[in-house]
Amino acid sequence: QVQLVESGGGLVQPGGSLRLSCVASGNIFSIASMGWYRQAPGKERELVADITWPASTKLADSVKGRFTISGNSAKDTVYLQMNSLRPEDTAVYYCYRRQESNWYWGQGTQVTVSS
């Protein structure tokens with residue numbers, strides 16, 4: 001079993017920044033991907049960012065140029081640096097880890113962008 005703990009959400013003004021973190025523990029395998037989906041009220045779930053070790057990253061078109069995803073060498077921690085935040089970025093962000101055929105999910109963290 002794998003457990004994910006994510007943190008870093010909160011309330012920020014438009015144009016501000018937040019950094020989300022997600023740490024995996026338990027039955028960790030070397031071949032894995034991690035990232036975030038987000039869910040906003042009235043909208044479909046959206047894949048925001050993904051990293052597949054050792055070097056492949058993907059970002060949604062809506063966040064390219066503003067967000068950056070990175071991971072550590074141990075392949076158990078991922079960071080989402082969010083800059084130039086907009087009100088439309090407001091959502092619950094869910095960290096995931098995918099290894100073999102299994103998906104594991106964090107508890108979710110609320111990001112609210114508002115004046």
Side-chain angles (χ1 to χ4, degrees):
Q1 186 63 266
V2 173
Q3 298 80 42
L4 301 180
V5 178
E6 58 181 300
S7 61
L11 175 64
V12 66
Q13 293 184 349
S17 298
L18 288 172
R19 189 191 192 203
L20 304 185
S21 299
C22 185
V23 181
S25 62
N27 192 18
I28 300 298
F29 298 157
S30 296
I31 302 175
S33 298
M34 293 183 69
W36 276 270
Y37 282 84
R38 66 185 181 187
Q39 181 75 61
K43 297 182 179 180
E44 295 183 354
R45 185 181 66 174
E46 177 186 23
L47 176 62
V48 178
D50 180 270
I51 181 168
T52 299
W53 283 271
S56 179
T57 61
K58 298 178 181 179
L59 293 169
D61 288 341
S62 59
V63 305
K64 286 181 179 178
R66 301 186 297 119
F67 292 10
T68 302
I69 188 169
S70 60
N72 69 347
S73 60
K75 304 175 184 178
D76 60 5
T77 304
V78 65
Y79 306 96
L80 186 65
Q81 179 66 46
M82 305 186 294
N83 299 325
S84 302
L85 283 162
R86 305 166 180 170
E88 54 262 41
D89 295 317
T90 297
V92 178
Y93 286 69
Y94 295 94
C95 177
Y96 67 86
R97 183 179 179 90
R98 173 171 47 85
Q99 57 183 42
E100 296 188 325
S101 61
N102 297 315
W103 289 72
Y104 304 92
W105 295 91
Q107 79 279 10
T109 185
Q110 176 71 49
V111 172
T112 302
V113 185
S114 176
S115 298

State, with a plain yes or no, whether a side-chain heavy atom of [X] is found less than 4.5 Å away from one of [Y].
X: Val111; Y: Met82; value: yes
X: Thr68; Y: Leu80; value: no
X: Ser17; Y: Gln81; value: yes
X: Asn27; Y: Gln1; value: no
X: Asp50; Y: Arg98; value: yes

Could you measure the distance from the [atom1] atom of [X] to the [atom2] atom of [Y]? Nearest 0.5 Å is fine.
X: Phe67; Y: Arg19; atom1: CZ; atom2: CZ; value: 14.5 Å
X: Asp89; Y: Ser114; atom1: CG; atom2: OG; value: 12.5 Å
X: Gln107; Y: Ser7; atom1: CD; atom2: OG; value: 8.0 Å
X: Cys95; Y: Leu20; atom1: SG; atom2: CG; value: 9.0 Å
X: Thr109; Y: Trp36; atom1: OG1; atom2: CH2; value: 10.0 Å
X: Leu59; Y: Leu47; atom1: CG; atom2: CG; value: 9.0 Å

Derivation and outcome, side-chain hydrogen bond (donor to acceptor under 3.5 Å, both in side chains), residues Glu46 and Ser62: CA-CA 10 Å; Glu46 177 186 23; Ser62 59; 3.0 Å; yes
Do the side chain of [X] and the main chain of [Y] share a donor and acceptor less than 3.5 angstrom apart?
X: Asn72; Y: Thr77; value: yes
X: Glu6; Y: Gly108; value: yes
X: Gln39; Y: Lys43; value: yes
X: Arg66; Y: Ser84; value: yes

Quick check: is [Y] connected to [X] through a chain of hydrophobic side chains (ILVMFWY, heavy atoms under 4.5 Å apart)?
X: Val78; Y: Tyr37; result: no
X: Val12; Y: Val63; result: yes
X: Val23; Y: Leu4; result: no
X: Val2; Y: Trp53; result: yes
X: Met34; Y: Trp105; result: no

Partners of Tyr94 by ring-ring contact (aromatic ring centres under 6.0 Å, His included), sequence neighbours excluded? none
Determine whether the side chains of Glu88 and Thr90 contain a donor N or O and an acceptor N or O closer than 3.5 Å. no
For the aromatic rings, using the six-membered ring if either is Trp, is the centroid distance between Tyr96 and Tyr104 under 6.0 Å?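 They do not qualify: ring centres at least 6.0 Å apart.
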Give me the atom names and distance for the closest heavy-atom approach of Ala32 to Phe29.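 Taking Ala32 first and Phe29 second, the nearest heavy atoms are CB-O, 4.1 Å.
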